[in-house]
Amino acid sequence: MPEVKMRTISYSTAINEALHEEMERDEKVFLMGEDVALSAISPATAGLGDRFGHERVRNTPISELGFTGAAVGAAMAGYRPVLDMRRIDFMMLAIDPIANQAAKLRYMLGGQVSVPLVIRAPEGGYSQNGPTHSQCLEAWFIQVPGLRVIVPSDPADVKGLLKSAIREDNPVLFVEYRSLYSLEGPVPEGDHTEPIGKAAVKKEGADITLIGIGSQARSCLEAAELLAGEGVDAEVVDPRTINPLDVEGLAASVRKTGKCVVAEEGHKSGGVGAEIAASVQEAAFGSLKAPIVRVAALDVPVPVHTKLEAIVLPSTEKIVAAAKKLLA
Amino acid sequence: MSEEKASLSDERMQAMYRDMLRIRRFEETAFELFENGEVVGGIHVSIGQEACSVGACSTLREDDAILTTHRGHGHSIAKGTRLPEMMAELLGKATGLCHAKGGSMHIADVSKGHYGAHSIVGSNMPMAVGIGLAFHFEGKGQAAVVFFGDGAANEGSFHESVNLASIWKLPVIFFCENNHFASSTRVGYATSVADISARAGGYDIPGVTVDGMDVLAVHEVMVEAVDRARRGLGPSLIEAKTYRYFGHSRKDPQFGPYRTEDEWNEWKAKDPLLVAEEILGVSEAQKKAHLDAVEDELQDALAFARQSPEPEPDDVYEDLYA
């Protein structure tokens, strides 16, 4: 095995690298979205317009329904569009081409087409942007068979999974957590890919399993550090993709520890955590020593005010509290 | 005689007439099969609108694309879709174009440039823009035609799609079949303009209204739009005024509370097949020969469909992921 060189880069730089490399590798890959070509609004797309030109890095009008449907059409016709949604909240204007079309066309047309489309959907709060600019909506999309849904939590995964998503022949909702954009971490140099459908153990432990989705995988790691100070050896597992969901990967950890907290930034009711809790107890009920506990956003919109937002959203402290209650 | 007609050989005009007849007889047959309980799922027939399908698709190459709607049998046949596999899809057979997963509302034959019937009203227009974008990248002079109804012209997707195609000068033809009814809602009630083609002005593209009962008139305006598309001059909007003879779908009677028998009879007098017989110069003997050939073709398609196997339980997971 050749030695893999690591360097430290941010989550957003890792996205940017993945886009550069995949556009370089495959001329069928092109980028569309609002303000992707010229503006430096997002560090994830900076420099791409200059490097690949404005045909392949294509600014769109504010027409989410139109350009998302167009991406589905281009994908059917043999291209590999990557959409930039700016915020998942804006994607609500484009549900038809995603849920009714992209996810179903291959099935509905008897396998005559494939839709190799990646929708990059930055999302989430902790930024005082209020109810319509802070949502985490990935749970909606695990209800749509035909879509892959990816939820990377660190720079290495966001790069490796974005590259895999672009090479995937199915439509992918690629969720990015805005609160992680400046997070730095080690990323292998060169053509680094990660497999779709494999959970990752981010920290090994024996006493309790903390399953974290996206931004909350980070919070779970911080919670594990705090718990270590109190003599608790927590294991942190990140599903990384929620369709497909690596139930076996998650259940394996729970069989070892017998206790589990699952944390997500989306709302609690009907959330990804609910799906994970149900699937894991089906697979590992005999090993559970206590009910699986969910930590999630409260079932209210995310308010603007810092103090109120902190009450609504999950946090490291809330995960620690849930874990301690479970261990008591 | 128009310039365009002069350029069409008698052979091509006979083929256009025969295609209209194929559509009419396919849909009459499908409707009978539906009433006999042989069709799986619903159907929406386009009887009365055949001149639109054939007038438009007779200007296209096989590597051009079409996208159509829930009322798409006519466009599918005119674009060259294989009839046996299409009939098999209606009868819910494993040999159907969509392997019995899509039914009448999702007929597609990508091998013939048919990118699908799309049953969510207005959903096909953004996808047509994307196929147009792919054609623009390819640079082979291909065109994408999207058929939609007067109802869909009131969807936001219409406006976003026409604007996108206009600013990017994409080879997309927006073909509106104004059959006067969105289910039971009359176009005059639901639409801000008398002619939907007037909306082209808002997007700085050519817009034209044409007699949708006249196959040659439709063909002529399409020739111009396709030429623009191939030369990279951008999209066009065509509105063909036509009439839906049947109800919206299975439960909707032919003469609902939303239209009168008198109105129906007025349009019936301009039946596209009658018009075509006259302007394309189809003799009684030729008509008889076409009818016989079409009947044979339909009976073969039906036999294929009836003899085909139903899907297997395991097929439920097939074709979900590539």
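Only heavy atoms go into these numbers, but all of them, side chains included; no hydrogens, no water, no symmetry mates. Because the structure is a prediction, the values reported are computed rather than measured.
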Need one label for [X]: side chain, backbone, both or neither, based on atoms under 4.5 Å from any heavy atom in chain A.
X: B/Leu133; result: side chain
X: B/Asn163; result: side chain
X: B/Leu170; result: neither
X: B/Leu164; result: side chain
X: B/His159; result: neither
X: B/Val172; result: neither
X: B/Glu89; result: neither

Proximal to chain B - members of [range], heavy-atom separation under 4.5 Å:
range: residues 73-82 of chain A; result: A/Gly73, A/Ala74, A/Met76, A/Ala77, A/Tyr79
range: residues 136-152 of chain A; result: A/Pro145, A/Gly146, A/Leu147, A/Arg148
range: residues 239-250 of chain A; result: A/Asn243

Has the side chain of [X] got a donor or acceptor atom that lies under 3.5 Å from a matching backbone atom of [Y]?
X: B/Lys93; Y: B/Ala305; result: yes
X: B/Lys79; Y: B/Lys112; result: yes
X: B/Ser123; Y: B/Ser119; result: no
X: B/Glu160; Y: B/Ser157; result: no
X: B/Asp64; Y: B/Ala143; result: yes
X: A/Glu123; Y: A/Ile88; result: no

Do B/Asp150 and B/Glu177 come close enough that some side-chain heavy atom pair is under 4.5 Å? no

State whether a side-chain donor-acceptor pair under 3.5 Å links [X] with [Y].
X: B/Asp204; Y: B/Ser166; result: no
X: B/Ser104; Y: B/His73; result: yes
X: A/Glu168; Y: A/Ser164; result: no
X: A/Glu194; Y: A/His192; result: yes
X: B/Ser76; Y: B/Thr81; result: no

Picking from [options], which has the most non-hydrogen pairs under 4.5 angstrom with chain A?
options: B/Ala108, B/Ala134, B/Ala322, B/Gly102; answer: B/Ala322
options: B/Cys98, B/Gly96, B/Ser111; answer: B/Cys98
options: B/His99, B/Met127, B/His118, B/Met125; answer: B/Met127
options: B/Val129, B/Val110, B/Ile167; answer: B/Val110

Centroid separation under 6.0 Å, is that true for the rings of [Y] and [X]?
X: A/Phe30; Y: B/Phe137; answer: yes
X: B/His75; Y: B/Phe175; answer: no
X: B/His248; Y: B/His44; answer: yes

So does B/Glu239 pair up with B/Arg199, basic N to acidic O under 4.0 Å? no

Using a strict 4.0 Å threshold on nitrogen-to-oxygen distance, state whether A/Lys28 and A/Asp26 make a salt bridge. no

With chain B as the partner, which of [options] has the greatest number of non-hydrogen pairs under 4.5 Å?
options: A/Val72, A/Asp96, A/Asp169; result: A/Asp96
options: A/Glu55, A/Arg56, A/Met32, A/Arg58; result: A/Arg58
options: A/Pro116, A/Gly110, A/Gly111; result: A/Gly110

Start with the C-alpha distance between B/Ser53 and B/Ile23, add both sets of side-chain angles, then the distance that settles side-chain contact (heavy atoms from CB on, under 4.5 Å), and finish with yes or no. CA-CA 9 Å; B/Ser53 294; B/Ile23 296 168; 3.9 Å; yes

Residue A/Gln101 versus chain B: region with a heavy atom under 4.5 Å: side chain

So, the part of A/Thr68 with a heavy atom under 4.5 Å from chain B: the answer is neither

Is the number of heavy atoms from other residues, nucleotides or ligands under 6.0 Å of B/Leu233 CG greater than 12? yes

Any chance CD of A/Glu27 has more than 12 other-residue heavy atoms, nucleotides or ligands included, within less than 6.0 Å? no

Sequence neighbours left out, what passes salt bridge (Lys or Arg N to Asp or Glu O under 4.0 Å) with B/Arg71? Give chain and number order. none

